[in-house]
Chemist: 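Have a look at the structure that comes next, please.
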Amino acid sequence: MKNMSASRALLLLVVAMLLHLVTCTTTTTTSTATTHHNTITKAKTKTKTGSYPDFQLLNVKQAITETKSRPLKPSQYQELSMNIPNDSGSEGKQKLKLFHRDKVSFNNKFHNHSHVFHARMQRDVKRVVSLIRRVSSGSTVSYRVEDFGSEVVSGMDQGSGEYFVRIGVGSPPRSQYMVIDSGSDIVWVQCKPCTQCYHQTDPLFDPADSASFMGVSCSSAVCDQVENAGCNSGRCRYEVSYGDGSSTKGTLALETLTLGRTVVQNVAIGCGHMNQGMFVGAAGLLGLGGGSMSFVGQLSRERGNAFSYCLVSRVTNSNGFLEFGSEAMPVGAAWIPLIRNPHSPSYYYIGLSGLGVGDMKVPISEDIFELTELGNGGVVMDTGTAVTRFPTVAYEAFRDAFIDQTGNLPRASGVSIFDTCYNLFGFLSVRVPTVSFYFSGGPILTLPANNFLIPVDDAGTFCFAFAPSPSGLSILGNIQQEGIQISVDGANEYVGFGPNVC
């Protein structure tokens, strides 16, 4: 009897262990599946939380395959825009396709992924330096405008953007590729006659062919809104210099812009007669910053100071979108307060309280991410910066936490601005810790693996896609924003994340 009881007890113990194993396996499978979408949750504790998966899978093979895909030609995008409506068809909001500049080939040269990556990082470094210089308290940068017949200075020292939209300029509308930039407050396009212009894909815009083009006088209220505007022969002049050495100079005008089937009249734009830089085929720039002269600011009078966008990687086959109007604000997003910096009104600041790796919150003081009364520090969301930057102390703690949880992965030498890289050649997929942003007020944004461990060549080298900031400013870059719907409700001072993905 004792032997039978012992056998029965042993059998029950084995069954219990098997049931526990099945439960754990099911939980792990479910957690892995949820990492294919962006997860926004509430924090439970300040050190550890089980409210999102600890680990997720990075599809190494797919990521390497995508680095070898050739970009589309501009004509292919033009065909797509003719066959598929750009706008939602709803009154009060305008929707455009959005795509990465590296996804479109504007010349006949074939650039491999390593070449494209290094070029992007070089632009990014210049962008960050100029952005920091712009927001630094008390700093001013002057530029002499000799060809305007008067001296004009510009404090708008930004870097060029990374994403393009296609809009119509003038009447009848002439389709043009435009760079979007959430840190600029000017809309401009290259114009005839052009004293100095860089190469663009579409024909130069000719104001003489547009029935709606109207120059702006120096005494106009619109001219007064341009930062450090100049005047020549009674015409309002502008100049913008960018961090990568690009610049545009010309006259200010009121013009009609067409977004899909929506027509927006009397938009103040710069008609650039002297332009240079690295805009890679684009005709100009669509400023989406927080100032009154940006496209969003000019739309605010009629459609609310609001827009929503979803960025996609250059290696995906899908398009992102850019949508304007208060009706574009999604239901179900996780909303956090929008923070304004009176010293840098063009930029969109958000509150960040910490960073997470796995299910642990990295021990970083929240003070590191705060915006001071003098306008220093803080966290800026920027579509034109690729790689997210954190102050060095925060970055190093964040990076070390990631290294501690990826000890099983083979390391590689640093590449470009990245100091934490891995040799994943031969892997089909790897298990990596979850990376999360803890926002002020409670929401947590959990990033997909492709948003923080990215291929830097086509040979299997992947790097942790963050970098230290040379100042106290943090920048939330577009690599980390990819695939996440982000909405800016300027009227109500909120920024939303989700609920949709692209």
Chemist: Between Ser308 and Gln485, does any side-chain donor sit less than 3.5 Å from a side-chain acceptor?
Modeler: yes

Chemist: Any idea which heavy atoms bring Lys361 and Gly354 closest together, and the distance?
Modeler: CE-CA, 3.8 Å

Chemist: Within the 4.5 Å heavy-atom criterion, are Ser474 and Pro391 side-chain neighbours or not?
Modeler: yes

Chemist: Taking side-chain contact (heavy atoms from CB on, under 4.5 Å) as the criterion, tell me which of Leu371, Leu476, Ile339, Val380 meets it with Ile350.
Modeler: Leu476

Chemist: Quick one: does Met178's side chain get under 4.5 Å of Val187's, heavy atoms only?
Modeler: yes

Chemist: Of all heavy-atom pairs between Gly332 and Pro499, which one has the smallest distance, and what is that distance?
Modeler: O-CB, 3.7 Å

Chemist: Taking side chain as C-beta onward, heavy atoms only, is Val430 less than 4.5 Å from Leu57?
Modeler: no

Chemist: Heavy atoms, side chains only, cut-off 4.5 Å: are Tyr347 and Ile475 in contact?
Modeler: no

Chemist: On a heavy-atom basis, which atom in Lys97 and which in Val165 lie closest, and how many Å separate them?
Modeler: O-CG1, 3.4 Å

Chemist: Once rounded to the nearest 0.5 Å, what's the spacing between atom CD1 of Ile180 and atom CG of Leu322?
Modeler: 5.5 Å

Chemist: Which pair of non-hydrogen atoms, one from Ile364 and one from Ala397, has the smallest distance, and what is that distance?
Modeler: CG1-CB, 4.1 Å

Chemist: Starting from the C-alpha separation in whole Å, work towards a yes-or-no answer on side-chain contact (heavy atoms from CB on, under 4.5 Å) for Gln196 and Lys249.
Modeler: CA-CA 10 Å; Gln196 176 184 335; Lys249 309 172 185 178; over 6 Å; no

Chemist: Determine whether Glu366 and Tyr438 satisfy the following criterion, side-chain hydrogen bond (donor to acceptor under 3.5 Å, both in side chains), listing intermediate values before the conclusion.
Modeler: CA-CA 10 Å; Glu366 295 185 18; Tyr438 287 66; over 6 Å; no

Chemist: Assess whether side-chain contact (heavy atoms from CB on, under 4.5 Å) is satisfied between Leu352 and Phe390, documenting all intermediate values.
Modeler: CA-CA 11 Å; Leu352 187 69; Phe390 295 121; 3.8 Å; yes

Chemist: Are any side-chain N or O atoms of Gln276 and backbone N or O atoms of Ser247, one a donor and one an acceptor, separated by less than 3.5 Å?
Modeler: no

Chemist: Any pair with a residue in residues 452-464 that passes side chain to side chain donor-acceptor pair (under 3.5 Å), sequence neighbours left out, goes on the list, sorted by first then second residue, please.
Modeler: Asp457-Thr461

Chemist: Does Tyr349 have any ring-ring contact (aromatic ring centres under 6.0 Å, His included) partners at least two apart in sequence or in another chain, and if so, which?
Modeler: none

Chemist: Quick check: does any side chain N or O of Gln481 sit under 3.5 Å from a backbone N or O of Leu311, one acting as donor and the other as acceptor?
Modeler: no

Chemist: Any donor-acceptor pair under 3.5 Å linking the side chain of Ser436 with the backbone of Ile444?
Modeler: no

Chemist: How far apart are the closest heavy atoms of Arg340 and Pro342, and which atoms are they?
Modeler: O-CD, 3.6 Å

Chemist: Is the side chain of Gln405 donor-acceptor paired with the backbone N or O of Pro433 at a distance under 3.5 Å, no angle test?
Modeler: no

Chemist: Checking Asn423 side chain against Arg411 main chain: does a donor-acceptor pair fall under 3.5 Å?
Modeler: no

Chemist: Taking atom types as modelled and ignoring hydrogens, do the side chains of Asn275 and Thr248 form a donor-acceptor contact shorter than 3.5 angstrom?
Modeler: yes

Chemist: For Gly490 versus Leu338, what's the shortest heavy-atom pair and its separation?
Modeler: CA-CD2, 4.3 Å

Chemist: Show your working on side-chain contact (heavy atoms from CB on, under 4.5 Å) between Phe427 and Leu58 and close with a plain yes or no.
Modeler: CA-CA 10 Å; Phe427 287 86; Leu58 172 68; over 6 Å; no

Chemist: When rounded to the nearest 0.5 angstrom, what distance separates CD in Glu493 from CG in Asn305?
Modeler: 8.5 Å

Chemist: At what distance, to the nearest 0.5 angstrom, does CG of Asn59 lie from CD1 of Ile64?
Modeler: 9.5 Å

Chemist: Leu288 vs Leu286, test: side-chain contact (heavy atoms from CB on, under 4.5 Å). Steps then yes/no.
Modeler: CA-CA 6 Å; Leu288 302 177; Leu286 188 69; 4.2 Å; yes

Chemist: Between Thr406 and Tyr422, do the side chains contain a donor N or O and an acceptor N or O under 3.5 Å apart?
Modeler: yes

Chemist: Can you say whether the rings of Phe398 and Phe464 are parallel (under 30°), tilted (30 to 60°) or perpendicular (over 60°)?
Modeler: tilted

Chemist: With no hydrogens and no angle check, do the side chains of Tyr494 and Ser487 hold a donor and an acceptor under 3.5 Å apart?
Modeler: no

Chemist: Under 6.0 Å between the ring centres of Phe497 and Phe439?
Modeler: yes

Chemist: Any side-chain to backbone donor/acceptor pair from Tyr309 onto Val488? Under 3.5 Å, distance only.
Modeler: no

Chemist: Between atom CD1 of Ile186 and atom CG of Leu285, what is the distance when rounded to the nearest 0.5 Å?
Modeler: 9.0 Å

Chemist: Under 3.5 Å, is there a donor-acceptor pair between the side chain of Gln56 and the main chain of Leu447?
Modeler: yes

Chemist: Are side-chain heavy atoms of Val387 and Phe418 found at a separation under 4.5 Å?
Modeler: yes

Chemist: For the ring pair Phe324 and Phe295, is the centre-to-centre distance below 6.0 Å?
Modeler: yes

Chemist: Determine whether a donor-acceptor pair (N or O, by modelled atom type, separation under 3.5 Å) exists between the side chain of Ser469 and the backbone of Ser471.
Modeler: yes

Chemist: Do Phe164 and Leu98 have side chains that approach each other closer than 4.5 Å (heavy atoms only, starting at C-beta)?
Modeler: no

Chemist: Looking at CG of Leu409 and CD1 of Ile403, how far apart are the two atoms once the value is rounded to the nearest 0.5 Å?
Modeler: 11.5 Å

Chemist: Side-chain contact test, heavy atoms from C-beta onward, threshold under 4.5 Å: evaluate it for Ser416 versus Val456 and give yes or no.
Modeler: no

Chemist: Could you tell me whether Arg389 and Asp382 have a side-chain N and a carboxylate O separated by less than 4.0 Å?
Modeler: no

Chemist: With respect to Ser346, which candidate in Asp181, Asp185, Asn341 satisfies the side chain to side chain donor-acceptor pair (under 3.5 Å) definition?
Modeler: Asp185

Chemist: So how far is it from Gln176 CD to Gln200 CD, rounded to the nearest 0.5 Å?
Modeler: 5.5 Å

